[in-house]
Structure formats: structure tokens, C-alpha cells
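Structure first, commentary second.
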Amino acid sequence: MRVALRSYEELPEPVRRAVAGQVGEGSAVADMVNATSSGFAALLTAPGGGRVFVKGLPEDHERTAELNVESAVAAFLPDFAPRLLWRVAAGGWTVLGFEGITSTSPWADFYADDSPHLDSVTTVLQELSTTSAPPEARLKPAWGRWEEYCDPVDEPLLTGDMLVHGDPAAVNFLPGTDRTWLIDWAWAARGPGWVDAVLWGQRLVLDGEQTPEQAARWCRRIPAFAEAPREGVVVLAEADARSWEAWHEYGTPGLERHVKAARAWADYWQTP
């Protein structure tokens with residue numbers, strides 16, 4: 001799942017030249033250390049002061065398809081998503097440049113039950129849950145991500161036409177001066193409007209160290225979740241837990257806490 005991360009200076013020279021051609025020569029570079037799905041990720045500040053968030057992968061990497069998803073959906077996203085400014089191919093790499101966002105708060109305590117930021121995150125997820133998936137982006141159905149962990153008869157429960165982000169982790173929300181941003185749309189899909197709320201609950205348990213009961217209270221503030229069929233919530237929470245368990249069994253390192261949190265969240269919904 002995770003990708004070997006390198007610094008901007010470690011990129012092939014043609015890649016750095018291509019990025020400089022977009023942002024400006026002599027830009028200041030701040031490498032991102034918590035990017036787990038990119039070959040590199042950095043915030044560049046141009047000599048004139050503009051900021052661009054840049055990330056990329058080798059063109060032959062198995063996860064480059066995620067950059068294609070981000071490119072396809074970018075033009076249709078709500079205004080809490082940073083704008084895609086450009087895409088370039090150089091030196092065997094695909095690179096995306098986004099509107100640079102500066103967060104006003106560290107994400108480490110972002111999902112704690114008493115966090116002052118959870119209200120704004122809830123607002124973002126409420127709006128997202130009512131946003132239709134853009135037909136022009138040709139997003140894949142959310143069902144395809146979890147079908148191997150489900151019974152085939154459950155497909156209708158995870159089928160819908162709303163825009164799904166697919167990864168509402170704490171690191172993907174950035175509190176800004178005038179809004180809270182939701183970044184990294186590599187897992188964008190179409191499905192029921194309550195999907196992201198279910199995934200968010202698991203992340204509240206993991207990233208915020210909340211109990212499943214606390215997480216459920218926050219999730220119920222999103223109408224799409226509050227009105228979701230309980231059977232659908234059970235199916236998705238269980239499928240997501242099984243997916244984390246499968247990756248752990250496959251040998252992906254560092255997933256012990258993910259597995260524990262996802263299982264706790266899924267088991268909570270299994271209880272009548």
C-alpha cells in the first residue's frame with residue numbers, strides 16, 4: 001500500500017526541471033514526510049510568493065492510476081478541495097500541481113472527541129454527502145473497492161450516485177483561515193452519500209483515539225449517515241475491517257493500530 005518516499009532533491013533532474021517550469025526557478029521546497037501514497041510530495045513556494053503542492057509517481061508504478069483519478073475529478077470538486085493547477089509528464093514520472101494550502105493547526109489531535117475542528121470537518125462531510133458524482137469524471141463505483149470482502153448480494157447496499165472521497169483520514173483535512181480543506185482525492189468514487197461517514201467513524205477511532213460510541217455520535221450528525229440503512233453501515237464497516245486485516249496478513253508493515261481500530265468500529269455495528 002505504502003510507496004517509497006523520496007525527497008524533491010532525489011527526483012530525476014528532468015522531473016525537477018519540469019516542476020520548476022511550472023512553479024518557477026529557485027522555489028523554496030518543503031518536503032512532506034507523512035505522504036504514504038506518493039513517490040514524492042512537497043510544498044513549493046515560488047520566488048513571487050505563490051505556493052503549489054506537488055506530488056507524483058513513476059509512470060509505471062501500480063498506484064499511478066490514483067493520480068489519473070485525481071486529475072479526472074479535480075475540475076468537478078466542491079470548493080473545499082484545492083484546485084488542480086497543472087499536470088506534467090517528465091523523466092518517466094507523472095506529476096500533479098495543486099493550489100498550495102497552509103494548515104493553521106497540526107493534524108495529530110485533529111480527531112480527538114474534544115477537538116475544536118470536528119465541527120468544521122462535520123460540515124465538510126455533510127456537504128460532500130449531498131454532492132452528486134460528476135458523470136464526466138467516470139468514477140468507478142465504491143462497491144469495486146470492497147466487493148472481495150462482501151457477499152455479492154450486498155452490492156445494492158454500496159451502490160449510489162453520490163461523490164465519495166474514500167479516505168477521510170485526519171491527515172487529509174487541513175484547517176485554513178477561511179475553511180477546512182479536504183485533500184487527496186485519489187480514492188474518489190461514486191456510491192451512497194453515507195460511505196465517507198462510515199469510513200470517518202473508523203478514523204475517529206484510529207486517529208482520534210475515540211471510542212466507537214463517541215465516533216458514532218459524530219457520524220450521526222451527518223444526515224446521510226443518520227438515515228443510512230443499518231445493514232449498509234454494517235456491511236461497509238465489516239468489509240473495511242476485513243480489507244485492513246487482509247493487508248496486514250499480506251505483510252504490509254505498520255498496520256496494527258489500523259486493524260485494531262477498524263475491527264472495533266465494525267464490531268460496534270454488529271451489536272444489535
Side-chain angles (χ1 to χ4, degrees), residues 1-7 10 32-41 55-70 72-73 92-94 96 107-108 111 139-155 157-159 164-173 183-192 195-210 212 215 232-270:
M1 296 174 70
R2 288 183 170 85
V3 181
L5 187 66
R6 66 186 74 189
S7 70
E10 292 174 321
M32 301 291 103
V33 298
N34 61 347
T36 60
S37 61
S38 299
F40 85 97
K55 69 177 183 178
L57 282 165
E59 292 176 351
D60 60 354
H61 195 281
E62 62 181 355
R63 297 190 67 165
T64 300
E66 296 175 15
L67 299 182
N68 296 335
V69 172
E70 286 199 79
V73 77
W93 283 65
T94 298
L96 305 183
W107 66 267
Y111 274 7
L139 296 174
K140 294 182 179 180
W143 167 255
R145 177 173 166 185
W146 289 286
E147 63 177 321
E148 67 178 292
Y149 309 108
C150 298
D151 189 307
V153 301
D154 294 328
E155 182 174 1
L157 292 169
L158 300 187
T159 298
V164 174
H165 178 274
D167 188 16
V171 293
N172 286 334
F173 284 93
I183 65 170
D184 196 351
W185 291 79
W187 288 92
R190 52 184 169 85
V195 166
D196 280 312
V198 176
L199 302 178
W200 184 47
Q202 185 262 107
R203 281 292 181 166
L204 291 174
V205 176
L206 172 64
D207 299 333
E209 298 184 350
Q210 296 192 29
V233 175
V234 170
V235 166
L236 179 54
E238 178 63 27
D240 195 51
R242 291 177 181 176
S243 72
W244 285 110
E245 289 162 356
W247 279 108
H248 181 58
E249 291 170 5
Y250 177 74
T252 304
L255 296 185
E256 291 80 8
R257 292 184 64 250
H258 294 74
V259 169
K260 182 178 179 180
R263 176 45 57 198
W265 180 239
D267 288 350
Y268 172 79
W269 291 103
Q270 297 283 355

Value rounded to 0.5 Å, distance of [atom1] in [X] from [atom2] in [Y]:
X    : Y    : atom1 : atom2 : answer
F173 : D207 : CZ    : CG    : 10.5 Å
E147 : L158 : CD    : CG    : 10.5 Å
L157 : C150 : CG    : SG    : 9.0 Å
N172 : D167 : CG    : CG    : 5.0 Å
L199 : L204 : CG    : CG    : 11.0 Å
D154 : L236 : CG    : CG    : 10.5 Å

| said: Parallel, tilted or perpendicular, judged at 30° and 60°: which one describes the rings of W200 and Y111? | reply: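 Ring orientation of W200 relative to Y111: perpendicular.
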Looking only at heavy atoms, what is the nearest atom pair of [X] and [Y], with distance?
X    : Y    : value
L139 : A189 : CD1-O, 3.7 Å
H165 : D184 : NE2-O, 2.9 Å
E66  : A186 : CB-CB, 3.6 Å
L5   : M32  : CD2-O, 3.3 Å
A264 : P212 : O-CG, 3.9 Å
A266 : A241 : CB-CB, 3.9 Å

Would you say that [X] contacts [Y] through its side chain, given a criterion of any heavy-atom pair below 4.5 Å between the two side chains?
X    : Y    : value
E70  : L96  : yes
T94  : L57  : no
W269 : V198 : no
V205 : Q202 : no

| query | Are the side chain of T252 and the backbone N or O of W247 linked by a donor-acceptor pair below 3.5 Å? | reply |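 At least one qualifying donor-acceptor pair exists.
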| query | Are the side chain of T64 and the backbone N or O of D60 linked by a donor-acceptor pair below 3.5 Å? | reply |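 No, T64 side chain to D60 backbone: no donor-acceptor pair under 3.5 Å.
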| task | With side chain to side chain contact (heavy atoms under 4.5 Å, CB included) as the test, would you mind laying out the steps for H258 and R263 before giving the verdict? | result | CA-CA 8 Å; H258 294 74; R263 176 45 57 198; over 6 Å; no
| request: Quick one: list whatever passes side chain to side chain donor-acceptor pair (under 3.5 Å) with R242, sequence neighbours left out. | output: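 If we apply the side chain to side chain donor-acceptor pair (under 3.5 Å) test to R242, skipping adjacent residues, the hits are E238.
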| said: Could you work out, with side chain to side chain donor-acceptor pair (under 3.5 Å) as the rule, every residue matching W265, not counting sequence neighbours? | reply: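 Side chain to side chain donor-acceptor pair (under 3.5 Å) list for W265, sorted by chain: empty.
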| query | How far apart are the C-alpha atoms of R257 and E209, what are their side-chain angles, what is the distance that settles it, and do they pass the side chain to side chain contact (heavy atoms under 4.5 Å, CB included) test? | reply | CA-CA 10 Å; R257 292 184 64 250; E209 298 184 350; 4.1 Å; yes
| said: Can you see whether W187 has R145 sitting over its ring - NZ or CZ less than 6.0 Å from the centre and within 45° of the normal? | reply: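 Yes, R145 lies over the aromatic ring of W187.
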| request: Apply side chain to side chain contact (heavy atoms under 4.5 Å, CB included) to K55 and F40, showing your working. | output: CA-CA 6 Å; K55 69 177 183 178; F40 85 97; 5.6 Å; no
| field | Check: W146 ring centre within less than 6.0 Å of Y149 ring centre | value |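 Aromatic pair excluded; centres sit 6.0 Å or further apart.
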| More than 12 non-hydrogen atoms from neighbouring residues, nucleotides or ligands closer than 6.0 Å to CD on E10, yes or no? |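 Above 12, so yes.
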